[in-house]
J.: 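The structure follows.
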Amino acid sequence: MASVFEYAPAPESRSIVDIAPSYGLFIDGEFVEAADGKVFKTVSPSTEEVLAEIAQAGEADVDRAVKAARKAFEKWSALPGSERAKYLFRIARIIQERSRELAVLETLDNGKPIKETRDADLPLVAAHFFYYAGWADKLDHAGFGANPRPLGVAGQVIPWNFPLLMLAWKIAPALATGNTVVLKPAETTPLSALFFADICRQAGLPKGVVNILPGYGDAGAAVVAHPDVNKVAFTGSTAVGKEIARTVAGTRKKVTLELGGKGANIVFDDAPIDQAVEGIVNGIFFNQGQVCCAGSRLLVQESVEEELLESLKRRLSTLRLGDPLDKNTDIGAINSEEQLTRITSLVEAGEAEGAERWSPACDIPESGYWFAPTLFTNVTQAHRVARDEIFGPVLSVLTFRTPDEAVAKANNTPYGLSAGIWTEKGSRILAVANKLRAGVVWSNTFNKFDPTSPFGGYKESGFGREGGRHGLEAYLDV
């Protein structure tokens with residue numbers, strides 16, 4: 001008789017991280033109060049407990065930070081690349097040394113499972129600083145001409161789904177190329193950016209090179225619009241990205257936008273089903289689906305739809321939802337009440353439009369923001385769940401008969417960030433990938449990242465690339 005293994009709780013210790021009752025803005029190497037004295041609270045999504053009180057940046061604080069960054073730029077940009085590299089290497093090593101602390105902090109503030117922050121986020125954060133440290137003294141050989149120059153002050157606005165990783169994606173290449181930074185983290189996840197400020201001080205980074213301003217959308221807008229900011233980098237929603245594009249139009253500012261997505265995960269009839277199921281689960285339920293490049297549309301060839309869905313539902317029934325600090329947890333908390341409301345609204349719209357909703361049996365904790373893994377079948381391309389970015393653990397399943405139909409359906413979206421292809425035929429992978437209008441196409445895998453590889457999108461998923469050699473260009477006058 002088959003038995004079901006029960007998992008004993010395996011919680012990571014909260015005592016590894018010391019969260020202060022309050023934090024200031026990080027400007028010119030010091031933590032300071034906001035000019036108007038405003039503060040806000042950051043809350044743990046899994047318990048709704050207040051973690052800390054945070055100074056809220058306003059326009060005056062942005063101006064103060066930009067002036068500090070401009071002053072620091074003169075000496076920082078004049079340093080030899082090999083000297084800048086030493087600071088980046090030092091930051092990378094400190095991140096590795098403090099990775100357990102930072103993983104717990106990120107899980108508390110964001111709600112994602114500890115095994116994701118520990119095994120995916122933090123190793124990648126350190127890897128980005130190591131990688132760009134290696135480029136700092138080789139910019140003449142990056143393919144952008146002789147003696148490429150830094151732009152000046154980089155204004156950077158990052159989202160809440162990968163707070164520390166998005167920080168690394170932006171700060172590492174900016175510093176390597178000789179720019180200084182004013183960064184605005186998301187209001188729901190400011191803690192890891194503020195801990196990074198402490199890492200900058202620990203590494204001896206010169207004052208003013210990195211400035212961190214927690215706050216709301218008005219602070220981000222002030223960073224983007226500031227006349228002394230030379231480069232704008234933004235990761236977030238397409239709607240805000242369009243606002244930023246309008247703001248910088250007509251100025252000399254360089255801009256990169258990494259926006260929303262509605263990635264297609266295409267499974268052909270010759271794909272290894274079990275392997276594909278694991279890739280589908282990783283593609284949409286990693287970080288509760290709060291991933292811009294999530295494989296939120298599953299396109300499966302008709303002849304294997306029934307077999308694949310049966311296997312997928314069986315796999316979803318084994319996922320464990322609950323305490324993000326438990327090392328057994330697969331599905332953590334949704335980042336905020338606002339995001340949970342959006343997910344709920346779009347799922348209800350899917351049901352109202354006639355799509356068939358399914359979720360595994362799942363105990364939902366009494367406190368916190370939670371949403372069970374959800375699958376929609378009988379979906380058409382007209383359904384909102386197949387068109388809108390839900391940014392939650394919700395997968396829409398569509399079918400196709402031919403490769404051309406799969407490509408047409410995959411490309412039938414205003415977004416163009418990511419896609420996945422599952423087949424045993426290498427020729428089919430290459431043929432289909434070349435027709436997909438997506439910035440990143442994975443073959444027989446999904447959500448794999450490396451600092452040496454560029455990332456970015458087409459259409460309403462933004463423009464410009466982050467990561468790899470390509471990620472240097474946005475921070476250089478070429």
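Since this is a predicted model, take the numbers as computed values, not measurements. Every heavy atom of this structure was used, including side-chain atoms; hydrogens, water molecules and symmetry mates were not. Residue numbers run from 1 in the order of the sequence given.
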J.: Lys425 and Asp270: side-chain contact (heavy atoms from CB on, under 4.5 Å), yes or no, with the steps?
T.: CA-CA 8 Å; Lys425 295 182 175 68; Asp270 62 339; 3.1 Å; yes
J.: Exactly one of Arg320, Lys115, Arg315 should register a salt bridge (charged side-chain N to carboxylate O under 4.0 Å, His left out) with Asp330. Which one does?
T.: Lys115
J.: I'd like to check Leu124 versus Pro451 (side-chain heavy atoms, cut-off strictly below 4.5 Å). Are they in contact?
T.: yes
J.: Stepwise, does the side chain to side chain donor-acceptor pair (under 3.5 Å) test hold for Thr42 with Asp109?
T.: CA-CA 7 Å; Thr42 185; Asp109 205 22; 2.7 Å; yes
J.: Below 6.0 angstrom between ring centroids: does that apply to Phe89 and Tyr132?
T.: no
J.: How long is the gap from OG1 on Thr177 to CG on Leu151, to the nearest 0.5 Å?
T.: 7.5 Å
J.: To the nearest 0.5 Å, tell me how far Arg149 CZ sits from Phe144 CZ.
T.: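 That separation rounds to 15.5 Å.
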J.: Looking at side-chain heavy atoms only, is the closest gap between Leu191 and Val17 below 4.5 Å?
T.: no
J.: Using modelled atom types only, decide if a donor and an acceptor are shared between the side chain of Lys138 and the backbone of Gly134 within a distance under 3.5 Å.
T.: yes
J.: Considering the options Ile284, Ile343, Leu346, which one meets the side-chain contact (heavy atoms from CB on, under 4.5 Å) requirement together with Val394?
T.: Ile343
J.: Answer yes or no: is there a donor N or O on one side and an acceptor on the other, between the side chain of Asp121 and the main chain of Leu165, under 3.5 Å?
T.: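 Flag not set: sc Asp121 to bb Leu165 has no pair under 3.5 Å.
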J.: Do Ser46 side-chain atoms and Asp323 backbone N/O form a donor-acceptor pair below 3.5 Å?
T.: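 Not at all, since once roles are kept as given, no pair shorter than 3.5 Å links the two residues.
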J.: Where the side chain of Thr329 meets the backbone of Gly332, is there a donor-acceptor pair that is under 3.5 Å apart?
T.: no
J.: Between Asn179 and Val153 (side chain of the first, backbone of the second, donor and acceptor by atom type, cut-off under 3.5 Å), is there such a pair?
T.: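 Between the backbone of Val153 and the side chain of Asn179 there is no qualifying donor-acceptor contact (under 3.5 Å).
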J.: Report, as yes or no, whether the 6.0 Å neighbourhood of atom NZ on Lys409 holds more than 12 heavy atoms from other residues, nucleotides or ligands.
T.: yes
J.: Measuring from atom CG of Leu257 to atom CD of Glu466, what distance do you get when rounded to the nearest 0.5 angstrom?
T.: 9.5 Å
J.: Side chain of Gln290, backbone of Asn335: donor and acceptor closer than 3.5 Å?
T.: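 Yes, because the side chain of Gln290 sits within donor-acceptor range (under 3.5 Å) of the backbone of Asn335.
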J.: Please state whether the rings of Tyr23 and Phe195 are parallel, tilted or perpendicular, taking 30° and 60° as the class boundaries.
T.: tilted
J.: Please confirm whether the backbone N or O of Trp442 pairs with a side-chain atom of Thr445, one donor and one acceptor, at under 3.5 Å?
T.: no
J.: Out of curiosity, Ile27 CD1 to Asp61 CG, how far, rounded to the nearest 0.5 Å?
T.: 5.0 Å
J.: Does any donor atom in the side chain of Thr235 or Lys170 lie under 3.5 Å from an acceptor atom in the other side chain?
T.: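 On atom types as modelled, these side chains qualify, holding a pair under 3.5 Å.
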J.: Between Phe73 and Arg70, is there a cation-pi geometry (under 6.0 Å to ring centre, at most 45° from the normal)?
T.: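 Arg70 over Phe73 ring: yes.
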J.: Do Thr189 and Asn110 have a side chain donor and acceptor closer than 3.5 Å?
T.: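 Looking only at side-chain atoms, Asn110 and Thr189 do not form any donor-acceptor pair under 3.5 Å.
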J.: Assess the residue pair Val125 and Leu167 against the criterion (side-chain contact (heavy atoms from CB on, under 4.5 Å)); give the C-alpha distance rounded to whole Å, side-chain angles, the decisive distance to 0.1 Å, and a yes or no.
T.: CA-CA 8 Å; Val125 169; Leu167 176 150; over 6 Å; no
J.: Should Arg465 and Thr256 be marked as a side-chain contact (heavy atoms from CB on, under 4.5 Å) after you check the CA-CA gap, both sets of side-chain angles, and the distance that decides it?
T.: CA-CA 7 Å; Arg465 292 295 180 265; Thr256 50; over 6 Å; no
J.: Is it the case that the ring center of Phe130 lies less than 6.0 angstrom away from the ring center of Trp135?
T.: no
J.: Quick one: are Leu213 and Val182 in side-chain contact, heavy atoms under 4.5 Å?
T.: yes
J.: Could you walk me through whether Arg90 and Gln202 satisfy the side chain to side chain donor-acceptor pair (under 3.5 Å) test, starting with their C-alpha distance in whole Å, then the side-chain angles of each, then the deciding distance to 0.1 Å, before giving a yes or no?
T.: CA-CA 9 Å; Arg90 203 174 299 153; Gln202 190 179 344; over 6 Å; no
J.: Can you check whether Ala68's main-chain N or O pairs, donor with acceptor, with Asp28's side chain at less than 3.5 Å?
T.: no
J.: Got a donor-acceptor contact below 3.5 angstrom from the Glu460 side chain to the Tyr415 backbone?
T.: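 Answer holds: no.
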J.: Just so I know, are the side chains of Ile421 and Asn444 near enough to count as touching, which here means a heavy-atom distance under 4.5 Å?
T.: no
J.: Between Ser192 and Glu106, is the side chain to side chain donor-acceptor pair (under 3.5 Å) condition met? List the steps.
T.: CA-CA 6 Å; Ser192 54; Glu106 198 84 314; 2.7 Å; yes
J.: Is it true that, when you exclude Asn147 itself, more than 12 heavy atoms of the residues, nucleotides or ligands shown sit nearer than 6.0 Å to its CG?
T.: yes
J.: May I ask you to check if Lys327 and Tyr7 form a cation-pi contact, with NZ or CZ under 6.0 angstrom from the six-membered ring centre and within 45° of the axis?
T.: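 Geometry flag: not set, cation outside 6.0 Å or 45°.
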J.: Do Glu258 and Phe463 come within less than 4.5 Å of each other through their side chains, counting heavy atoms only?
T.: no
J.: Answer yes or no: does atom NZ of Lys71 have more than 12 heavy-atom neighbours from other residues, nucleotides or ligands under 6.0 Å?
T.: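 Counting other residues, nucleotides and ligands, NZ of Lys71 stays at 12 neighbours or fewer.
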J.: Does any part of the side chain of Ile334, heavy atoms only, come nearer than 4.5 Å to the side chain of Pro393, both counted from C-beta?
T.: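 Yes, close enough: below the 4.5 Å cut-off.
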J.: Nearest 0.5 angstrom please: Leu298 CG to Leu398 CG, how far?
T.: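 Spacing of CG (Leu298) from CG (Leu398) equals 8.0 Å.
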J.: Quick one: do Arg252 and Asp477 make a salt bridge, cutoff under 4.0 Å?
T.: no
J.: Kindly check if the number of other-residue, nucleotide or ligand heavy atoms within 6.0 Å of CD (Glu337) is above 12?
T.: no
J.: Is the distance from the ring center of Phe196 to that of Phe26 below 6.0 Å?
T.: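 Distance test on ring centres: not under 6.0 Å, no.
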J.: Output, in order, the C-alpha distance, side-chain angles, deciding distance and verdict of salt bridge (Lys or Arg N to Asp or Glu O under 4.0 Å) for Glu187 and Lys184.
T.: CA-CA 9 Å; Glu187 63 270 17; Lys184 205 289 283 186; 3.6 Å; yes
J.: Going by distance alone, is a donor N or O of one side chain under 3.5 Å from an acceptor N or O of the other, for Thr188 and Ser336?
T.: no
J.: Can a cation-pi geometry be assigned to Arg428 and Phe268, taking NZ or CZ under 6.0 Å from the six-membered ring centre and within 45° of the ring axis?
T.: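 Yes - Arg428 lies over the ring of Phe268, closer than 6.0 Å to its centre and within 45° of its axis.
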J.: For atom NZ of Lys75, is the number of surrounding heavy atoms from other residues, nucleotides or ligands below 6.0 Å larger than 12?
T.: no
J.: Could you check if a side-chain atom of Val181 sits within less than 4.5 angstrom of a side-chain atom of Leu175, using non-hydrogen atoms only?
T.: yes
J.: Do Phe129 and Trp169 make the cut of ring centroids closer than 6.0 angstrom?
T.: no
J.: Of the non-hydrogen atoms in Phe446 and Ala294, which two are nearest, and what is the gap between them?
T.: CE2-C, 4.1 Å
J.: Does the side chain of Thr413 come within less than 4.5 Å of Arg297's, by heavy atoms?
T.: yes
J.: For Ala52 and Ile19, which heavy atoms make the closest approach, and how far apart are they?
T.: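 What the structure gives for the nearest pair is CB-CG2, 4.0 Å.
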J.: Before giving the answer on side-chain contact (heavy atoms from CB on, under 4.5 Å), spell out for Ile331 and Phe371 the whole-Å C-alpha distance, their side-chain angles and the decisive distance to 0.1 Å.
T.: CA-CA 9 Å; Ile331 307 289; Phe371 201 89; over 6 Å; no
J.: Rounded to the nearest 0.5 Å, how far apart are CG of Asp228 and CG of Asp63?
T.: 9.0 Å
J.: Is a side-chain N or O of Glu116 found less than 3.5 angstrom from the main chain of Asn287, in a donor-acceptor match?
T.: yes
J.: Can Trp422 and Asn265 be said to form a side chain to side chain donor-acceptor pair (under 3.5 Å), step by step?
T.: CA-CA 8 Å; Trp422 298 84; Asn265 217 349; 2.8 Å; yes
